[in-house]
Amino acid sequence: MKIYNTLTRTVEEIVPQRQGRIRLFVCGPTVYNYIHLGNARTFVLFDSLAKYLSFSGFEVFYLQNITDIDDKTLRVASESGVPWTEVSQKFYEEYRKDMEALGANSVNVYAKATLYIEEIKSQIRRLLKKGFAYETSDGVYFHVEKFRDMGALSGQKLDKVVPGSRVSPSEQKLNPSDFVLWKKQKPGEPAWDSPWGYGRPGWHIEDTAITESFFGKSYDIHGGAKDLMFPHHEAEIGQMRSISGKKYLAKYWIHGGYLNFGGDKMSKSTGNFILLREALRKYSRQQIRFFLLNANYSSDLLYTEDLFKASCEALDRIQTAYEMLHGVEGQSGSEDFDPGIYLSRIRSSLDNNFDTRSAFAYLQELSSMIFRSGGKLSPEIAARARETYMFVDRIFGILKNDAVGSDVSRAIQGIINLREEFRKKRDFATSDMIRKILEESGVRIEDEASGTKWRFV
RNA sequence: GGAUAGGUGGCAGAGAGGUCAUGCGUGGGACUGCAGAUCCCAUCUACUAGGGUUCAAAUCCCUACCUAUCCUCCA
């Protein structure tokens, strides 16, 4: 498949460094709060991408880091009067629960930064030895001027970067863009022993220490949302390539767009966000995933209630067509068609820079074909169509596969049979009441010529 | 100031030189006890502006304007 590589600014065929195996790393969350829908967008993207790469025949190893020590962790800890380790542990667990609820289950290893302190120190030691880092009274810093390719990923030129307003005058940095590798301990802060005294790792170094542990000095794909491109990903590249001397840290860099909310980027620091778990209370994970994936992954996506609803309508139609496949009459329709072409079109859309929007458009076309057939498809065609839906579902997780034949479904079927008795007697007042009560309980029923269908809403 | 990505029908959003994107919405009809779902017809000849290249441009080139994001923690 081809994918847009931020590093080269072109769409490139993915050719892994090791035949048939892809090593994928994605920046995970800083666990000091619940994740929001914008975070979820990124994780759903890479979850789906990892699954698609697997389906495309690659053996994928998907690694994600967990930032479990950070200024924000400490701030939350001191505000709530809870040890920082409890804050991290709690929100790490909540993050995992959220991912589970979202069906994002393709990560092989979640690596917590604090479990890699030795590896982090080893990297810092090597950077110091090679002259890429220097020590000051408050920490160890990476000297950006020593790394020629600094800024290559984002296109930024060091001398044009406006230094942040938060750079305090007391800092002894050689260049305003120098970033911290090791933060020396301040009173009351947690710390680990090191050649540079007690302290804790900087944010950027944890990722390269973790990826080096698992993948070595170079791997295939690095993912993340585009807000991490500068300076975080630049810093990672600077650190690892300075150590390794290799051409790449990762050969392909994939950046996802933002989820915007109320005109602005969804962001924890501005308070402009919807928590994923809040969204999951109102909507199904299928609806959330479809909404997040029904857009170009690198473009920003606007969230509004209306747009979300429209997306749900579209998904509903796909879902209804899929369900219709279960009840086909087994007779050939006048308009037989080949569902296989939709599957191959979906695959080529995905092969083309993971164009999920077009892939879904084809799925919608397939759905229209099924509706147009009026439910009269040969079993063979129905089976092939079902295959297409299942393929899409295994990668994107957008279809509801309610267990038909479960105890619950038998109970619901019983109620529907009861309602049918009233309908036969033309007691519509009672039958409508049953329908209304079922609807309020989350079961929608629809009368069709072939019988009454039901589904969860 | 620098960097990056963009400007497509009522809305969202694909396409990347010549043929229907798709979905949501809207109007009408069919079906139905009603509702829903679905179908049919209609609505829509849309591509920021101005130049150019070409037999042909939403798609390529130039100019202008506009938007978003990053340069500070951020998925």
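By convention in this document, chain letters (A, B, ...) are assigned in the order of the sequence lines, proteins followed by strands, and residues within each chain are numbered from 1. Heavy atoms only: backbone and side chains are in, while hydrogens, waters and symmetry mates are out.
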If we ignore hydrogens and angles and just use 3.5 Å, is the side chain of A/Ser154 paired with the main-chain N or O of A/Met229 as donor and acceptor?
no
* Asked: For B/rA68, does OP1 or OP2 lie under 4.0 Å from any side-chain N or O of A/Lys226?
  -> no
Item checked: hbond_proxy A/Asp432 side chain to B/rG33 base (donor-acceptor, 3.5 Å cutoff) -> yes
Ranking B/rA75, B/rG36, B/rC34 by distance to the side chain of A/Glu446, first place goes to B/rG36
Of the candidates B/rC34, B/rA37, B/rC74, the side chain of A/Thr320 sits closest to B/rA37
Can you find an N or O donor on one side and an acceptor on the other, under 3.5 Å apart, linking the side chain of A/Arg423 with the base of B/rG33? yes
request  = Identify whether any heavy atom of A/Phe428 sits under 4.0 Å from a base atom; if not, whether one sits that close to sugar-phosphate; answer base, sugar-phosphate or nothing.
outcome  = base
Residue pair A/Leu228/A/Ser367 against RNA chain B: nearer the 5' end by closest nucleotide is A/Ser367
Using a cut-off of strictly less than 4.0 Å, decide whether A/Ser311 has a side-chain nitrogen or oxygen near OP1 or OP2 of B/rG13.
no
Side chains of A/Thr452 and A/Asp447: do they bring a donor and an acceptor to under 3.5 Å?
yes
Of the candidates B/rA68, B/rC73, B/rA75, the side chain of A/Asp300 sits closest to B/rA68
Rounded to whole Å, the CD-P distance (A/Glu440 to B/rA35) equals 19 Å
*asked:* Suppose you measure atom P in B/rU69 against the same atom in B/rC40; what distance do you get, rounded to whole Å?
replied: 42 Å
With the side chain defined as heavy atoms from C-beta on, A/Tyr258 is closest, among B/rA37, B/rC74, B/rC70, to B/rC70
(Q) B/rA75, OP1 or OP2 - any side-chain N/O from A/Lys268 closer than 4.0 Å? (A) yes
ask   = Side chains of A/Thr67 and A/Glu206: donor-acceptor distance under 3.5 Å anywhere?
value = yes
When the C1' atoms of B/rA68 and B/rC60 are considered, how many whole Å apart are they?
25 Å
- Compare side-chain N and O positions of A/Tyr32 against OP1 and OP2 of B/rC73 and report whether any pair is under 4.0 Å apart. no
* **B/rU43 versus B/rA21 - spacing of their P atoms, nearest Å** => 14 Å
Expected output: side-chain A/Asp355 to main-chain A/Ser349 donor-acceptor under 3.5 Å = no
Classify A/Ser154 by what it touches in the nucleic acid, base, sugar-phosphate, or nothing, heavy-atom distance under 4.0 Å. sugar-phosphate
When you compare the side chains of A/Asp47 and A/Ser106, does any donor N or O come within less than 3.5 Å of an acceptor on the partner? yes
Regarding A/Lys268 and the six-membered ring of A/Phe273, is the cationic atom NZ or CZ under 6.0 Å from the ring centre and inside 45° of its axis?
no
Report task. Determine the Euclidean distance between corresponding P atoms of B/rC74 and B/rG18; express it in Å to zero decimal places. Result -> 44 Å
Short side-chain N/O contact from A/Arg317 to OP1 or OP2 of B/rU38, under 4.0 Å:
yes
Quick one: is A/Arg426 getting a side-chain N or O under 4.0 Å of the B/rC34 phosphate, OP1 or OP2?
no
Exercise. On a whole-Å scale, what distance lies between the P atoms belonging to B/rG50 and B/rC65?
Worked result: 15 Å
Each base of RNA chain B marked ( ) or [ ] if paired in-strand (Watson-Crick or G-U under 3.5 Å), | if paired to another strand and . if unpaired gives (((((((..(((.....[...)))((((((.......))))))....(((((..]....))))))))))))....
Which is true for A/Tyr4 with a 4.0 Å heavy-atom rule: it touches a base, it touches only sugar-phosphate, or it touches nothing? sugar-phosphate
Scan A/Thr6 against the nucleic acid and name what it touches under 4.0 Å (heavy atoms): base, sugar-phosphate only, or nothing.
nothing
- Main-chain N/O of A/Tyr92 paired to A/Lys112 side chain as donor or acceptor, under 3.5 Å: no
Quick note, A/Lys72 side chain, CB onward, closest among B/rC73, B/rU69, B/rA75 is B/rC73
Taking atom types as they are modelled, would you say the side chain of A/Arg435 forms a donor-acceptor pair with the base of B/rC34 within the 3.5 Å cutoff? yes
Sorted by number, residues from residues 355-365 of chain A placing a heavy atom under 4.0 Å from RNA chain B are A/Asp355, A/Arg357, A/Ser358, A/Ala361, A/Gln364, A/Glu365
Between the CZ atom in A/Arg41 and the CG atom in A/Leu276, the distance rounded to the nearest 0.5 Å is 14.5 Å
Q. Just checking, is any N or O donor in the side chain of A/Thr8 or A/Glu12 under 3.5 Å from an acceptor N or O on the other one?
A. yes
### Query
With a non-hydrogen cut-off below 4.0 angstrom, is A/Met266 in contact with a base, only sugar-phosphate, or nothing?
base
Whole-Å distance, A/Phe43 CZ to B/rC74 P, equals 12 Å
(request) Would you please say whether a donor-acceptor pair under 3.5 Å links the side chains of A/Asp306 and A/Thr304? (result) no
Taking any heavy-atom pair under 4.0 Å as a contact, classify A/His232: base, sugar-phosphate, or nothing. nothing
Winner on side-chain proximity to A/Arg9, out of B/rC40, B/rU69, B/rA5, is B/rA5
### Message
Considering every strand and a 4.0 Å limit on heavy-atom distances, what is the contact class for A/Ala225: base, sugar-phosphate, or nothing?
### Response
base
**Request:** With C1' as the reference atom in both, quote the distance from B/rA57 to B/rG51 in angstrom, rounded to an integer.
**Result:** 14 Å
Contacts of A/Leu174 meeting side chain to side chain contact (heavy atoms under 4.5 Å, CB included) (sequence neighbours excluded), chain-then-number -> A/Tyr134, A/His143, A/Asp178
Margin query: With hydrogens left out and only the distance checked, is there a donor-acceptor pair under 3.5 Å joining A/Lys309's side chain and the base of B/rC24?
Written below: no
Expressed in whole Å, how much space separates the P atoms belonging to B/rG13 and B/rG7?
10 Å
Closest of B/rC74, B/rC70, B/rC34 to the A/Asp447 side chain is B/rC34
Original post:
With a non-hydrogen cut-off below 4.0 angstrom, is A/Ile35 in contact with a base, only sugar-phosphate, or nothing?
Top reply: nothing
Ranking A/Gly256 and A/Arg444 by the position along RNA chain B of their nearest nucleotide, the one closer to 5' is A/Arg444
Next item on the list: Under 4.0 Å between any heavy atoms, over every strand shown, what does A/Gly257 touch: base, sugar-phosphate, or nothing? Just pick one.
Entry: base
| message | Regarding A/Arg317 and A/Ser368, do their side chains bring together a donor and an acceptor under 3.5 Å, going by distance alone? | response | yes
Does A/Trp203 put a side-chain nitrogen or oxygen below 4.0 Å from OP1 or OP2 of B/rC74? yes
Query - Separation of the C1' atoms in B/rA14 and B/rG23, to the nearest angstrom - result: 11 Å
**Item:** Check: A/Ile398 main-chain N/O paired with A/Arg289 side-chain donor or acceptor under 3.5 Å
**Value:** no
